[in-house]
Structures are given as C-alpha cells and as structure tokens.
Amino acid sequence: MTASPAPAPAPGPGTTVTPMVEAVGVRKSFGRTEVLKGIDLTVRPGEVTCLIGPSGSGKSTFLRCINHLETIDGGRLSVNGHLVGYRQKGDRLHELKPREVAAKRREIGMVFQRFNLFPHLTAEQNIMHAPVLVRGEPKKAARARAAELLDRVGLAGREHHYPAQLSGGQQQRVAIARALAMQPPLMLFDEPTSALDPELVGEVLDVMKGLASEGMTMVVVTHEMGFAKEVADSVYFMDDGVVVESGTPTDLLDHARHERTQAFLSKVL
Amino acid sequence: MSSTTSPRTAAPGPTSGREAAADLEAVPLRHWGRWAAAAVVLYVTAAFAWSLARNPNLEWDVVADYLFEDFVVRGVGITLMLTVVAMGIGTVGGIVVAVMRLSSNPVLRGLSWFYTWFFRGTPLLVQIIFWGFLAALYQQIEIGIPFTDVTFASFDTNAVVGPMTAAILALSLNEVAYAAEIVRGGIASVDGGQDDAASALGMTRSQAMRTITLPQAMRVIVPPMGNETVTMLKSTALVSVIGGKDLLTAVQSVYAQNYQVIPLLVVAVIWYLALTSVLSVGQYFVERRYGKGHGNASMSRRWLGLGVTR
C-alpha cells in the first residue's frame, strides 16, 4: 500500500507533514437543518482523535463526511492530501463519479455503531470479501490474512461462524478486522461500543487501544471518556454543529474552558 | 416461588401442596366447534363427490382414455415450458427493472416506473391478444435508422412472432412487472447499514448490489416468487386464445371436434392440479429454507385439540 504524500502543494503554511485528515469550514445541511456549521479539524498521521459531544451534535455526520458517505455542502475536506469526493478545478469543486469515490474509500476503514457485518457471510468471508472483490487479491492470500486478522482481534478459530452466532463484542471485533483487511492508513470509528452490553465494551476498546499503539491513525466518535483520556492525542468537543473546543485529553476533559463543555462533561464523567 | 406453600393453597387431602401440584395434568382446550364444522364439511363433500361419481356426463372412462394421450402430454410439456421460460425471463427482467427503479438516475427510474405502470395496468389476457395480433399493428418488422429510409433488414411479423413467441413475450413481459415489485420490496427490506458498510469498503454500487444486497433480499423475494410460479402455470391457459399449443389449447382443439367438453376439461383440471401440487410442495421446502420458520410438526395436532403434544 503506497499512500505517498501528494506531490501537490500541502494545504496550510508551515506544515511539513501532510495531515491525514484536514477539514476547513466544513458545512452540511439536511434539508433546512444545518447540522455542520463550519468544522475545522486536523489529524496528523499516527494520531488518535476523539470526537465527543451530545447526540445530535453532528459528530457522526462529520465522520461520515470524511469518507463521503455523506456529501458536504461547503468547505474543504481532504484525506491524505486529496479532496474527499471532489476534484478541484479552478475555484470550483466537481463531485467525483461513484466509481472514483469507491476507489478513494478503500484508503479509509470504517467501523459502525451497529457493526453492519454481512449476515449471509461467515466471519472469514466478511473479512475476505472486499480484498478479493475490490482489490482482486487471490483468495488463498486473503483467507490467510483473514485468519491472521481474526487472531489479532482475539477471535482465532471463529472463521466459520456467522455473525448471528457471535456476541455483539465479537461481531464488532470482526467488523474491525474487516475494515483492517483493506489495509487503510486511516480508520474511522462511529460510536463503536454504543450498541454493546456493558460487559462487552472492554474487549472492543482493547482491540482499538492495540491499534492505536501500533501507530494507526484513528478518528473515533465515542462516549467512552476513559478511552479518550487514555488513548487520544486530541479531543474535539462538538455541540450543535460546531467544534466548541479542542485540545489534549487533559486540557479538554479536566480543564474545560467552555461552559457547554463543562456542562456535558459533568453529565458523562 | 419458594417450595413452602401456605395452608390456604394446599389441596384438600393428606398430600402436601407440592406433591399435589406435581401430579396435576394440564388439559388443553377442546375445540368442539371445530369437530362439528369438520363433520358438516365432510358430509357436504361426500354428497358432492357422490353426485359427481354417479354423473354420467363426466364419463370417467373417456377421462381415463385421454389423460395420457400424446396431444395432452405434449400440451402439458408446452405449458411447463411456457411457465419455466416466462418465469426465467420474468425474474431476470424483474431484477433489472427493480434495480433501475432504485437507481439514482432519474431517466432509469422513470422508465422503470412507466414499464410497471403499463404492464400491471392492463389485463394479461388483453396483452396476450395484442401480441398475438402484432401483425395487425406492424406488418413488417424493420431494422434500420428511424426517421430515414435506411433499412438493414426486414421481416414479416407473422413469420417472426408466431403464436408461441407471442405467448412467451406476453407472459414474460407481464411477469417482469410483477417480479420487479417483489424484488424491489426485497431490496428495500435489507438494512441500510449494509450499503454503508459495502461502500465504506470501497465496493461500487453494482458490486454491493450483487454480492451484499441481493443475496440478503432473497429471503424476502423467494417465497412470493414461488407463488408467482403457481400463478404463472395457471395463466399459461390464457394463451389458448391465440392458439398457444398449451394444455388447454390441446384439449380445446379435441373437444371442438368430438364434443366431449366436460371429460376433456376434467383431464386438463387433473393435470393443472397435479402440476400446481408439485410446485406447492417445492414452495414449501423453499419457504422453509428462506422463510422465518414459523409453523411446526405439532401444528396440525394442536389445531384439532388432540390432547398434549408430547
């Protein structure tokens, strides 16, 4: 996988490394409701960024914009130096064809709140499916890597289980392995533990901590403040479609400056 | 519940409450009304069967003579062929029209809507007659450049679209419209998160449709398509109006000459019933595989209230 930095001029002055994710003034409306009112965010390679905030604050929508599952209405959003879902010609952004968008998405892994495993495929098939179908990897190699990835998420030997035969925590770990199978340089997590029974949350967070320690760039929408504190390099607090404040976990979680942040944290901590 | 029982609930007699409870037997509700209804139905059916059996106009010996006659068996073959071909084209076409209907392209959506509107909005019988009389609409079928005199090939309509082709066209095109609605419902039943997950993995829309959405939609699509097949088998009888050589056409052409109308229709009825019964058995197994799996072996026993099912 060669995710070489773009030869194009890096956005923003003074930056030496191309940010993995860079959002500048990202706006998005559903009908008349503006759900993102100008989001600025930067994630450098190898960083773990947590998005926190009350439900309806726009954090999940923003995450879905990063891999173009949602279109944006304004602003710039780039991943690894490339605009997401658009091509810039002069001062206009032209939306890419679905096929081109699909090609870009291979570079971004995503894990969903409700797992979204393919129920008609076994754990192994879930993991192999995209590498074989999308990338044309030989089946044998893909199967070997599926076994490797299942081992990595602590599910060795569950190759032939269907999602319905696995617990929620196990399903989510298969979902993580499935996303990793495409070897993406960036992983997005959309409230990965919110649909889990409390006793199953830990096993999923452990896998994510392992990924973070191996240097994976991650953007995580979460309500797990403990995880944010322990693993995140930076935390963004969003409310009502704006980033209210951001900083290191200690800055934001222990010394929140903004009233809205303090009010939110007092409820969840 | 604790095992100690209060004296108030203890059964009369020397046994303690717990032992008495263990000896209790649950008697299921007896459905006397159902037994009575069954008796009435049985009586009426028997009376009707008796009158049929003794009716000389049925001429069972004639029925027996014709049941396996060559022309009848050939008609059954054509009926089966029409059913299989029309269902095959109908299913494939239905998937195409359903996917068009769910496309983001408004032209495809509109076309699909129009197709379904037209073919569901006119009686199948009228469509069959229309295809049968296609030559009255277009005498020649020409392949060329529209609005010019350039023609590459030209065919006599009646030579190309005979009764069989007309029958297949009519039944298939009609089935496409119904199958499309069933497929559309099946696709709509698949959770939207599946599409998200497929997209996030970099699959194109057609890859996601082929390998993720459609296989899951099959659970919802297959049972009603079994129904459609039974309906189709019976609808093939309609092509007799354009001389489609099917089972009904075959018996009609014989009773038109020998006036044995009733016995020959009974021959057709026996064949149709036999074929639909075979299909229904097939559908039962298909539904058991794809359906949600309600209904079990003890159902019939419970239905009549025949005691404990154990």
Side-chain angles (χ1 to χ4, degrees), chain A residues 60 63-64 66-71 85 95 97-121 125-137 162-163 171-172 174-184 186-190 195, chain B residues 91 95-96 98-109 112 182-225 285-294:
Chain A
S60 283
L63 196 74
R64 290 167 63 86
I66 297 180
N67 68 352
H68 205 62
L69 282 181
E70 302 283 355
T71 55
E95 191 170 359
K97 292 183 190 136
R99 191 166 289 277
E100 297 172 301
V101 176
K104 293 264 167 103
R105 284 205 188 104
R106 292 169 207 170
E107 323 254 302
I108 307 169
M110 186 158 188
V111 174
F112 300 88
Q113 181 177 354
R114 308 213 62 89
F115 330 137
N116 297 352
L117 286 180
F118 305 132
H120 60 302
L121 302 179
Q125 290 167 336
N126 262 280
I127 299 170
M128 299 167 53
H129 190 71
V132 172
L133 183 72
V134 176
R135 281 253 201 88
E137 274 183 34
Y162 283 91
Q171 287 187 53
Q172 192 62 299
V174 173
I176 294 172
R178 178 178 70 175
L180 290 174
M182 293 296 281
Q183 295 175 306
L186 169 67
M187 287 280 286
L188 309 176
F189 293 84
D190 187 5
Chain B
T91 307
I95 292 174
V96 172
V99 170
M100 280 168 64
R101 188 70 185 275
L102 296 166
S103 156
S104 54
N105 181 336
V107 178
L108 294 182
R109 273 208 311 273
S112 163
I182 292 172
V183 173
R184 186 161 75 105
I187 291 173
S189 76
V190 177
D191 179 43
Q194 295 290 310
D195 234 19
D196 281 351
S199 301
L201 286 165
M203 288 184 219
T204 61
R205 279 177 62 91
S206 78
Q207 285 172 333
M209 179 58 75
R210 269 189 302 111
T211 67
I212 303 300
T213 310
L214 273 181
Q216 292 182 56
M218 285 317 256
R219 295 175 65 85
V220 178
I221 292 171
V222 166
M225 284 310 280
F285 285 106
V286 166
E287 276 188 18
R288 210 171 55 163
R289 185 157 166 222
Y290 286 96
K292 296 231 167 69
H294 31 224

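The structure displayed is predicted, hence computed values, not measured ones. Naming: A, B, ... by sequence-line order, numbering from 1 per chain.
When all heavy atoms of B/Ala200 and A/Phe112 are compared, the closest pair comes out as CB-CZ, 4.0 Å. Shown here for B/Met203 and A/Leu133, the closest heavy-atom pair between the two residues is SD-CD2, 4.0 Å. Contact record, B/Leu201 with A/Val134: O-CG2, 4.1 Å, taken as the closest heavy-atom pair. Residues A/Arg99 and B/Thr204 come closest through the heavy atom pair NH1-CG2, 3.9 Å.
The parts of A/Phe118 that come within reach of chain B are both its backbone and its side chain, each placing non-hydrogen atoms under 4.5 angstrom from that chain. Heavy-atom distances place the side chain of A/Leu69, and not its backbone, under 4.5 Å from chain B. Only the side chain of B/Asp191 has a heavy atom closer than 4.5 Å to any heavy atom of chain A. A/His68 does not touch chain B: none of its heavy atoms, backbone or side chain, sits under 4.5 Å away. Contacts of A/Arg64 with chain B are made by side-chain atoms alone, with heavy-atom separations under 4.5 Å and no backbone atom involved. With a 4.5 angstrom heavy-atom cutoff, B/Ser104 does not touch chain A via any of its atoms. Proximity to chain B is limited to the backbone of A/Leu117, based on heavy atoms less than 4.5 angstrom apart.
For the options A/Pro119, A/Ala103, A/Ala130, A/Ala179, heavy-atom pairs under 4.5 Å to chain B are most numerous at A/Pro119. Comparing B/Ala198, B/Ala197, B/Gly202, B/Gly192 by heavy-atom pairs within less than 4.5 Å of chain A, the highest count is held by B/Gly202. Among the candidates A/Gln113, A/His129, A/Arg178, A/His120, the residue making the largest number of heavy-atom pairs closer than 4.5 Å to chain B is A/His120.
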